[in-house]
Amino acid sequence: MAADTASVARALIGARLIRRLPGWEPDAGVALAGRIVETEAYLPLVDPACHGYRGPTKRNESIFSRPGFAYVYFIYGNHYCLNVTTEAPGIGGAVLIRAIEPSAGIECMRRRRGRHVPTAALGSGPGNLCRAMGIDLRCNGADFRCGDLVIRPSSGEPPATSMGPRIGLKVAARWPLRYFDAASSSVSPFRKSLTRRPPNADG
DNA sequence: AGCAAGATTAGC
DNA sequence: CTAATCTTGCTA
């Protein structure tokens with residue numbers, strides 16, 4: 001997981017995100033999982049859209065920790081967003097997980113998100129996937145290699161990955177640092193437009 | 001102490 | 001396209 005941030009964002013497509021619901025949650029102990037199908041890179045030092053760009057604060061502290069840990073923040077009064085840290089201690093950089101395709105614990109996710117939400121939509125969007133998996137500030141700083149929030153690198157063939165501009169930013173939005181699996185129905189159609197292949201992508 | 005902005009989402 | 005919703009961080 002220690003590699004440059006854009007590479008990590010790309011490599012995370014197809015990886016498995018596994019969440020073991022902790023004791024205080026409904027359905028405690030149940031394992032939820034999904035395949036990561038959309039990510040965004042937030043680069044160290046040079047990226048004005050990265051939360052680390054203006055230096056450490058109480059809120060963004062964990063983005064400066066070290067590679068492979070969770071940086072979770074609360075936004076717009078309603079939503080949590082989950083990031084994977086990517087850079088050496090003291091350097092702020094991370095990958096935002098924007099969408100997963102649910103693969104286990106689907107009924108638990110539906111209970112959290114809403115009775116009539118289609119499976120493909122359960123983990124579509126950074127706030128939605130956190131809601132579906134019970135991820136909040138208590139996950140901030142968690143180690144992705146062990147514990148209740150784990151990422152398992154994809155085994156087997158890497159999926160076809162596309163790239164495009166980032167979403168929802170006022171600065172540096174056009175940097176092509178969003179990666180996604182265009183074949184996944186958990187990535188909404190408008191996010192699939194304006195895409196190119198990543199420089200080293202195969203089919 | 002006040003204020004503006006924000007890596008979003010659901011609903012018209 | 002717009003409102004909702006509230007925490008954080010900056011400015012005075």
Side-chain angles (χ1 to χ4, degrees), chain A residues 4-10 12-13 17 34 36-65 67 69-87 91-102 109-142 144 149 151 162-180 185-195:
Chain A
D4 83 275
T5 299
S7 301
V8 174
R10 165 112 168 68
L12 246 25
I13 300 299
L17 178 65
I36 296 171
V37 293
E38 185 181 356
T39 61
E40 266 173 10
Y42 288 86
L43 304 183
L45 306 173
V46 297
D47 183 358
C50 178
H51 283 184
Y53 186 67
R54 285 155 190 99
T57 66
K58 190 171 183 181
R59 183 200 196 203
N60 67 15
E61 202 178 0
S62 61
I63 203 177
F64 294 94
S65 57
F69 286 69
Y71 163 49
V72 180
Y73 63 90
F74 182 65
I75 191 79
Y76 294 122
N78 283 314
H79 311 289
Y80 298 96
C81 293
L82 174 66
N83 294 256
V84 182
T85 58
T86 49
E87 299 290 330
I91 302 184
V95 172
L96 172 69
I97 302 183
R98 290 196 58 91
I100 59 146
E101 212 174 69
M109 294 189 201
R110 210 187 308 281
R111 227 165 284 147
R112 288 161 183 283
R113 289 271 288 116
R115 171 73 214 247
H116 300 108
V117 177
T119 300
L122 288 172
S124 182
N128 287 337
L129 79 88
C130 285
R131 170 88 56 181
M133 297 187 116
I135 293 166
D136 61 21
L137 256 24
R138 286 172 289 203
C139 295
N140 193 28
F144 277 112
L149 189 60
I151 291 177
S162 305
M163 65 189 302
R166 297 185 289 188
I167 304 281
L169 302 181
K170 291 189 171 171
V171 294
R174 306 185 58 165
W175 297 15
L177 293 173
R178 185 170 56 93
Y179 297 83
F180 58 95
S185 47
S186 293
V187 177
S188 50
F190 84 94
R191 289 176 186 155
K192 293 178 181 172
S193 56
L194 294 170
T195 63

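Chain identifiers are assigned alphabetically (A, B, ...) following the order of the sequence lines, protein sequences preceding nucleic acid strands; residue numbering begins at 1 within each chain.
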>> Using the side-chain heavy atoms of A:N128, tell me which of these nucleotides is nearest: B:dA10, C:dT7, B:dT8.
In response: B:dA10
Whole angstrom value for the distance that separates [atom2] of [N] from [atom1] of [X]:
| X | N | atom1 | atom2 | result |
| --- | --- | --- | --- | --- |
| A:L169 | B:dA5 | CG | C1' | 13 Å |
| A:I75 | B:dA4 | CD1 | C1' | 13 Å |
| A:R131 | C:dT5 | CZ | C1' | 12 Å |
| A:Y80 | B:dG6 | OH | C1' | 15 Å |
| A:R112 | B:dT9 | CZ | P | 17 Å |
| A:H79 | C:dT7 | NE2 | P | 14 Å |
| A:Y53 | C:dC10 | OH | P | 14 Å |
| A:Y71 | B:dG6 | OH | P | 14 Å |

Name the nucleic acid region contacted by [X], choosing base, sugar-phosphate or nothing; use a 4.0 angstrom heavy-atom cut-off, strictly under.
| X | result |
| --- | --- |
| A:R113 | sugar-phosphate |
| A:R98 | sugar-phosphate |
| A:N83 | base |

>> Could you tell me how far B:dG2 sits from C:dT5 if I compare only their P atoms? Round to whole Å.
In response: 22 Å
>> On DNA chain C, does the nearest nucleotide to A:G77 precede the nearest nucleotide to A:R54 from the 5' side, or the other way round? Give the residue.
In response: A:G77
>> Between A:N78 and A:R59, which residue's closest nucleotide on DNA chain C lies nearer the 5′ terminus?
In response: A:N78
Using Watson-Crick or G-U wobble geometry with both distances below 3.5 Å, tell me the partner of [N], or none.
| N | result |
| --- | --- |
| B:dC12 | none |
| C:dA12 | none |
| B:dA5 | C:dT7 |

> Taking for each residue the nucleotide of DNA chain B bearing the nearest heavy atom, is the 5' side occupied by A:K170 or by A:G127?
Replying inline: A:K170
> For A:E40, which of A:R191, A:R166, A:R98 qualifies under salt bridge (Lys or Arg N to Asp or Glu O under 4.0 Å)?
Replying inline: A:R98
> Just how far is it from atom CD1 of A:I36 to atom CD of A:E101, taken to the nearest 0.5 Å?
Replying inline: 11.5 Å
>> Applying the 5.5 Å / 30° rule, does A:Y76 stack onto the base of B:dG6?
In response: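 Here the ring of A:Y76 and the base of B:dG6 are not stacked, as the 5.5 Å and 30° limits are not both satisfied.
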Donor-acceptor pair, distance only, cut-off 3.5 Å: does the side chain of [X] make one with the backbone of [Y]?
| X | Y | value |
| --- | --- | --- |
| A:R113 | A:A121 | yes |
| A:N128 | A:L122 | no |
| A:T86 | A:G93 | yes |

> Any side-chain N or O of A:H51 under 4.0 Å from OP1/OP2 of B:dA7?
Replying inline: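 Indeed, a polar side-chain atom of A:H51 lies that close.
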>> Using a 6.0 Å cut-off, check whether atom CZ of A:R131 has over 12 heavy atoms from anything other than its own residue.
In response: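 Counting other residues, nucleotides and ligands, CZ of A:R131 stays at 12 neighbours or fewer.
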